[in-house]
Amino acid sequence: IICVALPFVLVTIAPRFIPAEEVNLFFLLETIIGPIWVWLVVKEQPTLETVIGGAVIIITLGIHSFIKLREPEKIIKKKHQHEQLREMRDEDDHGGPDDEDGLLGQNAGGAAPGYCACLSVAYYRPYFDVDTDEVAARLRAALFFCNEPFGATLRGKPDAYGPWWVATTLVFAVAVTSHVRGLLGAEAGVIYEFDFSAVTFAAATIYGYVALAAATNWAFLNYGLKVHQRPLACLCVVGYSLVPYLAAAPACALPYLAWPAVLAACAAQSLFALKAARPAVEPHPREKVLAFAGATCALNAGLALLLKVYLY
């Protein structure tokens with residue numbers, strides 16, 4: 001009741017009172033607190049990286065909650081200042097319209113301004129402002145890129161939720177299928193041992209690829225081709241380009257299908273990325289377009305080799 005029934009009831013009720021973006025971030029606590037239960041019950045000590053990562057997320061959520069609790073005080077204080085300003089204007093008899101968009105309307109109900117704004121969930125809310133239908137349409141466009149244009153699904157509104165979900169799902173899919181492949185290839189009578197380093201290596205490889213490829217594409221487009229592109233748009237394309245690997249991961253569990261599946265996923269990923277970037281790079285000189293395509297294909301080939309050599 002305490003571990004399953006009550007938490008599910010609260011999880012069902014809570015999204016009524018907070019935005020969906022905050023729900024997604026608070027769900028990260030499940031991943032953080034899970035190792036604590038394992039440590040208490042199984043006595044498996046979490047690694048230093050797990051402790052540091054969990055502490056960062058917990059501190060961030062704590063600061064966010066503190067900022068949210070202080071927002072009503074700020075709104076009341078701004079209302080009081082607004083009323084004082086109106087009284088001073090009435091006493092001076094200056095007349096003229098009231099400042100309806102001044103102290104009260106400027107930041108009421110928004111994220112806290114200043115250098116600590118990035119510690120608030122509201123700062124990242126626009127990057128996760130996407131619904132399930134939009135994400136599903138972008139996933140289909142990434143998988144069946146020959147039929148559906150990916151740019152039409154964005155409508156000028158790229159998101160970070162889809163890339164984060166695809167990359168995280170791929171980390172666990174690769175880790176699981178690599179262990180299934182090792183289990184199928186183990187000799188009879190040999191006890192197969194789980195290698196947790198496969199999860200950490202997959203996470204470092206996939207998340208590192210997403211960051212490096214997005215930064216490379218953004219720098220090449222903005223400085224090499226002089227095409228203005230937001231970093232979020234590049235991140236969106238790179239993240240969704242990993243969808244073919246999700247389809248290829250089950251086949252990689254079979255020893256004789258690993259190479260064909262990885263190569264097919266790499267080819268589909270490269271074709272999707274180049275087709276998505278085509279409207280932006282097509283008007284430019286052929287040499288620069290080929291350089292952009294070569295850099296994209298080289299990064300994708302590097303990802304495929306790392307996954308195949310070290311995990312499959």
Side-chain angles (χ1 to χ4, degrees), residues 31 47 49-50 53 138-146 150 162-188 190-220 234-277 290-312:
T31 307
T47 62
E49 292 80 3
T50 302
R138 295 171 186 182
L139 291 174
R140 287 194 302 268
L143 188 60
F144 307 104
F145 57 88
C146 294
F150 183 73
W164 172 81
W165 181 87
V166 172
T168 304
T169 305
L170 183 59
V171 168
F172 288 98
V174 168
V176 171
T177 53
S178 65
H179 281 86
V180 172
R181 185 175 186 274
L183 180 61
L184 294 176
E187 297 180 359
V190 178
I191 299 177
Y192 180 78
E193 295 183 0
F194 175 79
D195 184 13
F196 189 78
S197 62
V199 180
T200 57
F201 181 83
T205 301
I206 294 171
Y207 289 135
Y209 162 80
V210 171
L212 179 61
T216 301
N217 290 350
W218 176 82
F220 203 106
C234 298
L235 175 65
C236 186
V237 173
V238 171
Y240 281 104
S241 71
L242 296 173
V243 171
Y245 279 101
L246 292 177
C252 293
L254 302 177
Y256 298 103
L257 293 179
W259 268 115
V262 170
L263 292 177
C266 179
Q269 178 192 24
S270 300
L271 291 174
F272 163 77
L274 294 177
K275 184 179 180 181
L290 290 177
F292 174 79
T296 301
C297 293
L299 287 172
N300 295 344
L303 174 65
L305 287 175
L306 286 175
L307 294 179
K308 177 61 183 74
V309 173
Y310 289 98
L311 292 172
Y312 294 121

If we ignore hydrogens and angles and just use 3.5 Å, is the side chain of T177 paired with the main-chain N or O of V174 as donor and acceptor? yes
Indicate whether the side chain of Y310 and that of S178 have a donor and an acceptor atom separated by less than 3.5 Å. no
Check A304 against C266 and note the closest heavy-atom contact, atom names and distance. CB-CB, 3.9 Å
To the nearest 0.5 Å, tell me how far L242 CG sits from L303 CG. 6.5 Å
For residues N300 and S270, report the shortest heavy-atom separation together with the two atoms involved. ND2-OG, 3.0 Å
Between G239 and V166 the two heavy atoms that sit nearest each other are O-CG1, 3.5 Å
Side-chain (T200) to main-chain (S197) donor-acceptor, under 3.5 angstrom: yes
Do the non-hydrogen side-chain atoms of W164 and V210 ever get within less than 4.5 Å of each other? no
One should read off an interatomic distance between L254 CG and Y312 OH, to the nearest 0.5 angstrom, of 11.0 Å
Euclidean distance, L139 CG relative to W165 CH2, rounded to 0.5 Å: 5.5 Å
Inter-residue atom distance F292.CZ - C297.SG, 0.5 Å rounding: 9.5 Å
Go through the structure and list residues passing ring-ring contact (aromatic ring centres under 6.0 Å, His included) with F272, not counting sequence neighbours. F150
Check against side-chain contact (heavy atoms from CB on, under 4.5 Å), V237 and N217: CA-CA 10 Å; V237 173; N217 290 350; 5.7 Å; no
Y209 vs V238, side-chain contact (heavy atoms from CB on, under 4.5 Å): CA-CA, chis, key distance, verdict: CA-CA 9 Å; Y209 162 80; V238 171; 3.9 Å; yes
Between C236 and P163, the two heavy atoms sitting closest are CA-CG, 3.7 Å
What pair of heavy atoms forms the shortest contact from R181 to C252, and how long is it? CD-O, 3.3 Å
Can a donor-acceptor pair be found, under 3.5 Å and without considering hydrogens, that links the side chain of K308 to the backbone of V262? no
Reported CZ-to-CG distance for the pair F201 and L307, which is rounded to 0.5 angstrom: 7.5 Å
Closest approach of V180 to A253 (non-hydrogen atoms, all atoms of both residues): CG1-CB, 4.0 Å
CG/L271 to OG/S241 distance, rounded to the nearest 0.5 angstrom? 11.5 Å
